[in-house]
Structure formats: C-alpha cells, structure tokens
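Ligands are counted one by one from 1 in listed order, and the atoms in each one are counted from 1 as well.
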Amino acid sequence: MNVLIIGSGAREHAIAWSAAQSELVETVFVAPGNGGTARMGGKVRNVPLKATALDDLLLFAGDNHVDLTIVGSEQPLELGIVDLFRSVHRAIVGPTQAAARLESSKVFSKKFMQLHGIPTADYHVFRDFHAASTYIELPETLYPQVIKASGLCAGKGVFIALDRNEALKAIRELFEDRIFGDAANEVVIEEFLEGEEASVFALTDGITYQLFLPAQDHKRIGNGDTGKNTGGMGAYAPAPLVTPEVLQKVEERIIRPTLIGMGAEGSPYTGFLYVGLMIDRGEPSVVEYNARLGDPETQVVLPLLKSDFIAALQASVDGTLGDVPFEMHEKSAATVVIASGGYPDHYETGKVITIADEVADMENCLVFHAGTSYEGGRLTTAGGRVFSVTALGENLRESIERAYLAVEKIGFDGAYYRTDIGVKAL
Ligand code: AMP
Ligand code: GLY
C-alpha cells in the first residue's frame, strides 16, 4: 500500500521511518517533509505540498493511489482535513474537525472535562480584558494562575503568572496587544497544578484503543527546566513516573471517559489522542489534550513499537483495532533535540550542517530531522528545532548516553541542545 504523511517535523520523519519498516508499505509520501525525509531514499519521497493545502493533498492522494493518510500536525486537523478525506471515502488517520476541538479549543476541552468528570484544573473563561482583570484582582484569586489562549498557538500560548502583575501583563498581551490574534479571543485562566508532567498517547478507532509507552517531554529551553517554553527539547520513554497503577487511573478516569464522552456528544474521537498529564502523588489530571502525536515524544515512542505500525493504523481506520498486535520492545529510548542558537526567540537559518559519517553506522541510533533542508546535495538548517536524535538502549541511562554520543557528531553554526535530557528519571 501507499501512505501519505502530512507534516515537516521530526515527528513526521519518525512516522515515515516507522511506515518504511512495514512490509505492507510500497511507497511513503511525505508532504512537505524535510531534509531528513528527502534523504531517506528507498520507499520514501517528499511531496512539495503544504500541510494546510487540503484540496491539493486530496488530489495528490487520488492521483497517486494513496491507501492511507496520516496527519502529523494539528493545523490540518483544525482545518477539517479528516472530514474532507472521509467525504470522498479516502482513509485517513486523525480526528474530525469537531473532535479535534479537544486541542484546537481549550474552552471546549475544559468544558468537556468538567461535564464528564475528567480530572483537570479548575478554570474560568474570559472574552475581554475588563472581565479578566477583575478576576485577577480579586483577593480570593490565589497565585500562581495559569493563563491560556483558547486557540492553537504552537505550544506558546500559556503563561504561568506568579502574581497579579504578571497576570495583568499576560492578559494585556492576549486581549490588547493580540500577540496570538484570534486564537486569544477566548482566554482560560486556571488553577496551577503541582506535580510532574508526562504524556500518554492512544491510537483509537473511537471505541477501542491501544496505548503507546508513556513518555516525558522537556518543554523548557534550558537545563534544569529553566527558561522559555519551546516545542520540546527532548524526551524519553518509558517514563517511570507513569507506574502501572497511575496508567490504570489514566485509562479509567481519563481515556475511557474521553472516548465515551466524545461519542455521546456526537463527535466520536478517532486517530491519536495525546493526553498531557500532571501527576501529583500518583494522582493524574489533564493539563491538555492534543489531537495528534507529540513532538518530540513520537521520536521515542515509535521506535519502541515492535508491532507493525501501519497494520495498527489501518485497523484503526477499519474499526478492528482490538484484533491487531500492539507490542512494545522491552527497551528504553531517549531523544535529544538540537536547536538553532536563539530558539525559541529569533534564530538564523541556512547554516551548513555536518554529520560525521560514523553516525550512520551507530547501532540503535536514529537521527530524525526537523528544520533541515536538502538541496543540491547540501544539508542546511531551516528551522528552530533542527534535529531530534534518538537512541535505544537496554535501559534509560544507556539510551541517553548513546543519544549524546551521536549528538556530539552533528554540527552547525550556533547549534544548541540541553545536556540533561532524561536525567531526572535516572
Ligand atoms: P499546555 O499548552 O496547556 O500544555 O501548557 C503548556 C505547559 O504549561 C504545560 O506543559 C505545563 O508545563 C504548563 N501548564 C499548563 N497548565 C498548567 C497548570 N494548570 N498547572 C501547571 N502547569 C501548567
Ligand atoms: N510535546 C508537546 C507537543 O507535541 O505538543
């Protein structure tokens, strides 16, 4: 079969790598892909179409006998790509536009969780500066408070306000300076949750689901979880924080009620469900849902999947997910993101990249590209996050050490990476 993967990050490179492993697959198209997917060769080919060019993607899928389309990033989901493909009976993995509101509207997801008794922080919704500032000034409003634009902001629309002044500054930026435009027409202000974060991903056909290994992201730019929030600077799996007992609570209190609730609301949820958790003394609550796989978590959870990924995806589309194997390797994985200097603020692109030849031969090591471009035989930087270097090991320590060995052999002007990925789990 032929598959089409939509997106251009390291997540999509990892999905393409997994798809290429499948004996079921003849050709893997990636739209638009990146320098890494351009260099894979074999079954994998880049297609110069943007992830948001829905009509063109549908035409391409028809013209090229694509049997299964896999949506990596959130924008096409919010735009309704799943509804469009399904309207002409073209198989696609992802939630409909209505179901993707679990990610694309924080107001929707908070109301949904409240209605269905799913544990999450208490919250209020505001539509203008005046009402929000009144709430912020109330003597009974205790700090920190977490302030979030309701719409999609590429993971950057969240402020943790330690006091009133910081809260006022945040709502001024959202409502008056409109730094996120219409994505902040509605703003959620919620209680600050204590604990440690982890991510759990399910693949679901709307009723049945299968779980990947729990993972932990590193969202801050600096070592020791300091500095600004980013798209994610590294990850590892399995996350020991998510014990079997915690995972059971996540399934019973979060995943099952989410699938049942979405079905009851007339928007059955299909595709990948990402549950971002805060775990406090063994009790999980939801920080956010995403309607897709996480980046960089995908770069550790997919290499740990032993079963055929494409067979599972096809089963999720056919409604037979309970009938396919979904087994994991008994190993650990770590991924380290190499970013452009200056990211997540201003950074330069177009830097020439060198990768030592021996990296290709390093066992249990996978160099996933994110913001790279490969043209005329030259590999250059083309984004904020440039690589996600994954290694597998018998245990977490081994996988972390292997990943850093490879990271040190990749260079470009201004390259930056955290040196403490996974350390807190050791
Ligand atoms: P979100 O985009 O909702 O995942 O938020 C981004 C990050 O902000 C999360 O990964 C957390 O680190 C932090 N965060 C969001 N909501 C809360 C909360 N209620 N309490 C504590 N931290 C939070
Ligand atoms: N790892 C965070 C995200 O994918 O949104």
Q) What atoms of ligand 1 come closer than 4.0 angstrom to any heavy atom of K219? A) 10 (O)

Q. Parallel under 30°, tilted from 30 to 60°, perpendicular over 60°: which one fits the rings of F112 and F108?
A. parallel

Q. Nearest to atom 20 (N) of ligand 1, what protein heavy atom do you find, and at what distance?
A. L193 N, 2.8 Å

Q: Any atoms of ligand 2 less than 4.0 Å from a non-hydrogen atom of D217? List them with their elements.
A: 1 (N), 2 (C)

Q.
Do R292 and F272 form a cation-pi contact, if we require the NZ or CZ to be under 6.0 Å from the six-membered ring centre and within 45 degrees of the ring's axis?
A. no

Q: Taking only heavy atoms of G294 into account, list the atoms of ligand 2 that are under 4.0 Å away from them.
A: 4 (O)

Q: Identify the residue among V71, L68, D83, L313 that makes a side-chain contact (heavy atoms from CB on, under 4.5 Å) with I92.
A: V71

**Q.** atom 1 (N) of ligand 2 - nearest protein heavy atom and its distance
**A.** E297 OE1, 2.7 Å

Q: Look at atom 1 (P) of ligand 1 and find which of E196, E288, E190 reaches it with the closest heavy atom.
A: E288

Q: Would you check whether R11 has a nitrogen or oxygen atom less than 3.5 angstrom from a nitrogen or oxygen atom of ligand 2?
A: no

Q. Quick one: nearest non-hydrogen protein atom to atom 10 (O) of ligand 1, plus distance?
A. E197 OE1, 2.6 Å

Q: With heavy atoms only and a cut-off of under 4.0 Å, state how V146 meets ligand 1: side chain, backbone, both or neither.
A: side chain

Q.
Counting the benzene-type ring for Trp, do Y416 and Y343 have ring centres under 6.0 Å apart?
A. no

Q: Look only at the side chain of Q216 and the backbone of Y236, and say whether a donor-acceptor pair between them is shorter than 3.5 Å.
A: no

Q) Quick one: nearest non-hydrogen protein atom to atom 3 (O) of ligand 1, plus distance? A) K148 NZ, 3.0 Å

Q: Please say whether R292 places an N or O atom under 3.5 Å from an N or O atom belonging to ligand 2.
A: yes

Q: Could you tell me whether some N/O pair between D295 and ligand 2 is separated by less than 3.5 angstrom?
A: yes

Q. Hey, is the main chain of Y274 close enough, under 3.5 Å, to the side chain of N290 for a donor-acceptor pair?
A. no

Q. With a distance cut-off below 6.0 Å to the six-membered ring centre and an angular limit of 45° from the axis, does R39 pair with Y374 as a cation-pi contact?
A. yes

Q) With a 6.0 Å cut-off on ring centres, are F387 and F368 close enough? A) no

Q: Check ligand 2 against N290 and write out every atom of the ligand that is under 4.0 Å from a heavy-atom position of the residue.
A: 5 (O)

Q) Can you list the ligand 1 atoms lying under 4.0 Å from a non-hydrogen atom of K106? A) 1 (P), 2 (O), 3 (O)

Q: Output yes when a side-chain donor or acceptor of Q299 lies under 3.5 Å from a complementary backbone atom of T390, and no otherwise.
A: no

**Q.** Protein residue, atom and distance nearest to atom 6 (C) of ligand 1, heavy-atom basis
**A.** V158 CG2, 3.8 Å

Q. For ligand 1, is there an atom lying under 4.0 Å from some heavy atom of I160?
A. yes

Q | Donor-acceptor pair, side chain of N395 and main chain of R397, under 3.5 angstrom | A | yes

Q) Any chance the rings of Y143 and F192 have centres within less than 6.0 Å? A) no

Q.
Check contact between M278 and ligand 1, using heavy atoms of the residue and a distance below 4.0 angstrom.
A. yes

